[in-house]
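Naming: A, B, ... by sequence-line order, numbering from 1 per chain.
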There are 2 protein chains.
Amino acid sequence: MKGELLHAERKLAEREFRITPQRRTILKVLRSHQNRHLTAEQIYRIARAQGFKLGLATVYRTLMDLERLGLVARLEIGKGPARYELTPTHTQPHYHLVCLRCGRIFEVTASIPEDFQKIIAQNQNFAISDRSIEVFGYCEACRSK
Amino acid sequence: MKGELLHAERKLAEREFRITPQRRTILKVLRSHQNRHLTAEQIYRIARAQGFKLGLATVYRTLMDLERLGLVARLEIGKGPARYELTPTHTQPHYHLVCLRCGRIFEVTASIPEDFQKIIAQNQNFAISDRSIEVFGYCEACRSK
DNA sequence: GTATCTGCAAAACTTTTGCAGCTCG
DNA sequence: CGAGCTGCAAAAGTTTTGCAGATAC
């Protein structure tokens, strides 16, 4: 097991969370699937497939903690279970293009236009977070049918 | 009961759906709460409180049908049950500002900037639907605490 | 040593489905 | 009349919780 503590681990330690093998494992799985938007169940399966022992409830509990710390974002996309992604360390907001047909999520990392931000900020005095923006529509594959 | 058939009812009839009292009721509740983003359960309770008889399963089934017809949009916001809104007849895409703290949804009806649309369209050859775009952040009330 | 964490199983919730009977057109 | 719709209750699927034992610090 690695000795070094990465960003997320440091943040956990700072807030008096314990660095357990289970939590390390979950972070590791998330790190090795940066663009996959995994469900809790998938994280659980991947971890077990790699020989780590942990329970599904622990995955849910850990994801909840990580979300509160701002290390993980929870995405509710269409039906079925929620999906989770590691929030990049030096993140700029990014877009999620969600296909209403196939449910796949495409990432666009482009900064958000100035005038767009103004509209939002002025209209309700609303502060955009560093989370993603979700745009719904139809992907190329689904449209060409 | 009204004799006239409104937009939604006409659309249902066109597609060989039957106009039943239950479906009328559900549409009526949605119409009288245009900006409220109701859950299936809430629709069910409101309808019953007004003296209409119907089952929760019917509400779910009807909402599913209405969604397929494009008359209703299903919103997954944070935890808990999904929420539904009537899609305006002559709609332009609108924004939903979702507060990550209190979960409230604020509407912004402003057209989507040109350059924004271009970024999306070009990047993945993705076609934005007439559904809303969801932006996450913190509302005024929650920030002033 | 002890407050925190974990696994398991049960509970809680939301949504879907099977089926017998009812109703719209 | 007949295809489609409804209500009920049961099932399915996802997430949370209680608790006894284990563990990080």
Side-chain angles (χ1 to χ4, degrees), chain A residues 1-3 5 8-29 37-45 47-48 51-69 72-84 103, chain B residues 1-3 5 8-29 37-45 47-48 51-69 72-84 103:
Chain A
M1 195 168 294
K2 288 192 193 109
L5 288 186
E9 278 85 344
R10 240 181 286 124
K11 200 141 189 173
L12 279 173
E14 269 171 27
R15 312 282 191 105
E16 313 199 321
F17 280 91
R18 291 184 179 168
I19 312 291
T20 65
Q22 290 87 339
R23 286 175 176 166
R24 255 191 228 269
T25 299
I26 290 164
L27 283 166
K28 197 172 168 189
V29 170
H37 309 103
L38 302 171
T39 65
E41 176 90 28
Q42 287 175 321
I43 294 168
Y44 169 72
R45 285 189 192 290
R48 300 215 122 204
F52 298 101
K53 285 273 184 203
L54 81 182
L56 181 55
T58 301
V59 176
Y60 275 108
R61 276 187 289 232
T62 299
L63 289 171
M64 234 194 283
D65 292 337
L66 293 173
E67 197 191 353
R68 286 210 190 91
L69 293 180
V72 152
R74 172 194 169 106
L75 313 171
E76 297 266 6
I77 301 298
K79 314 237 169 162
R83 297 177 166 274
Y84 298 85
Chain B
M1 196 169 295
K2 290 193 192 110
L5 288 186
E9 278 87 342
R10 241 179 286 125
K11 200 140 188 172
L12 280 171
E14 269 170 28
R15 313 280 191 106
E16 314 199 319
F17 281 91
R18 291 185 178 168
I19 312 289
T20 64
Q22 290 87 341
R23 286 177 177 166
R24 255 191 230 269
T25 299
I26 291 164
L27 283 166
K28 196 172 169 187
V29 171
H37 308 105
L38 301 172
T39 65
E41 177 88 29
Q42 287 175 321
I43 295 167
Y44 170 73
R45 285 189 193 290
R48 299 216 122 203
F52 297 101
K53 285 273 184 203
L54 83 180
L56 182 54
T58 299
V59 175
Y60 275 108
R61 277 188 287 233
T62 298
L63 288 170
M64 235 195 283
D65 293 337
L66 294 173
E67 197 190 353
R68 286 210 191 93
L69 293 180
V72 152
R74 172 194 168 107
L75 312 172
E76 296 267 6
I77 300 299
K79 313 236 168 164
R83 298 178 166 273
Y84 299 85

Engineer: Is any side-chain nitrogen or oxygen of B:Tyr60 closer than 4.0 Å to OP1 or OP2 of C:dT15?
Structural biologist: yes

Engineer: If you assign each of B:Lys79 and B:Arg23 to its closest nucleotide in DNA chain D, which residue comes earlier from the 5' end?
Structural biologist: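 Result: B:Arg23.
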
Engineer: Closest nucleotide of DNA chain C for A:Tyr44 versus for A:Asp65: which of these residues is on the 5' side?
Structural biologist: A:Asp65

Engineer: Rounded off to whole Å, could you give me the CZ-to-P distance for the A:Phe52 and C:dG7 pair?
Structural biologist: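 Computing the A:Phe52:CZ to C:dG7:P distance gives 13 Å.
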
Engineer: Can you measure B:Glu16 atom CD to D:dG2 atom C1' for me and round it to whole angstrom units?
Structural biologist: 14 Å

Engineer: Look up atom CD1 in B:Ile26 and atom CZ in B:Arg61, then write down how far apart they are to the nearest 0.5 Å.
Structural biologist: 10.0 Å

Engineer: Measure the OG1-OH distance between B:Thr62 and B:Tyr84 for me, rounded to the nearest 0.5 Å.
Structural biologist: 11.0 Å

Engineer: To the nearest 10°, give me the bend of the helix from C:dG1-D:dC25 to C:dG25-D:dC1, comparing the axes of its five terminal pairs at either end.
Structural biologist: 40°

Engineer: For B:Leu12 and C:dG25, what is the distance between atoms CG and P respectively, to the nearest whole Å?
Structural biologist: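 Answer to the nearest Å: 11 Å.
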
Engineer: Would you kindly give the CZ-to-P distance between A:Arg24 and D:dC25, to the nearest whole Å?
Structural biologist: 8 Å

Engineer: Working to the nearest 0.5 Å, report the span between CD of A:Glu14 and CG of A:Leu69.
Structural biologist: 9.5 Å

Engineer: At what distance, to the nearest 0.5 angstrom, does CD of A:Glu9 lie from CZ of A:Arg24?
Structural biologist: 6.0 Å

Engineer: Select from A:Val59 and B:Arg74 the residue whose nearest nucleotide in DNA chain C is closer to the 5' end of that strand.
Structural biologist: A:Val59

Engineer: Do B:Lys53 and B:Gln22 come close enough that some side-chain heavy atom pair is under 4.5 Å?
Structural biologist: no

Engineer: With a 4.5 Å heavy-atom cut-off, do B:Arg83 and B:Leu38 have their side chains touching?
Structural biologist: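 The answer is no, as the side chains (C-beta and beyond) never meet within the 4.5 Å cut-off.
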
Engineer: Rounded to whole angstroms, how far apart are NZ on B:Lys53 and P on C:dT23?
Structural biologist: 14 Å

Engineer: Would you indicate what B:Ala82 reaches in the nucleic acid, counting non-hydrogen atoms under 4.0 angstrom: base, sugar-phosphate, or nothing?
Structural biologist: sugar-phosphate

Engineer: With a 4.0 Å cut-off, would you call A:Arg23 and A:Asp65 a salt bridge?
Structural biologist: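 Yes, charged N to carboxylate O under 4.0 Å.
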
Engineer: Would you mind reporting whether A:Thr20 and A:Thr58 have side-chain heavy atoms less than 4.5 Å apart?
Structural biologist: no

Engineer: Could you state the atom-to-atom distance from CG of A:Leu54 to P of C:dG7 in whole Å?
Structural biologist: 5 Å

Engineer: Between B:Thr20 and A:Met64, who's closer to the 5' end of DNA chain D by nearest nucleotide?
Structural biologist: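 Here B:Thr20 is the residue nearer the 5' end.
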
Engineer: Nearest 0.5 Å please: distance from the NE2 atom of A:His37 over to the CD1 atom of A:Ile77.
Structural biologist: 8.0 Å

Engineer: Please check if atom CZ in B:Arg45 has more than 12 non-hydrogen atoms from other residues, nucleotides or ligands closer than 6.0 Å.
Structural biologist: no

Engineer: For the pair made of CD in B:Glu14 and P in C:dG25, what is the distance, rounded to whole Å?
Structural biologist: 15 Å

Engineer: Whole-Å distance between C:dT15 P and B:Leu38 CG?
Structural biologist: 13 Å

Engineer: Does C:dG7 have OP1 or OP2 sitting under 4.0 Å from an N or O in the side chain of A:Gln22?
Structural biologist: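 Yes, because at least one side-chain N or O of A:Gln22 sits under 4.0 Å from OP1 or OP2 of C:dG7.
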
Engineer: Nucleotides 18-22 of chain C: which of its N/O atoms have a protein N/O under 3.5 Å away?
Structural biologist:
unit_1: C:dG18; atom_1: O6; unit_2: B:Arg61; atom_2: NH1; d: 3.4

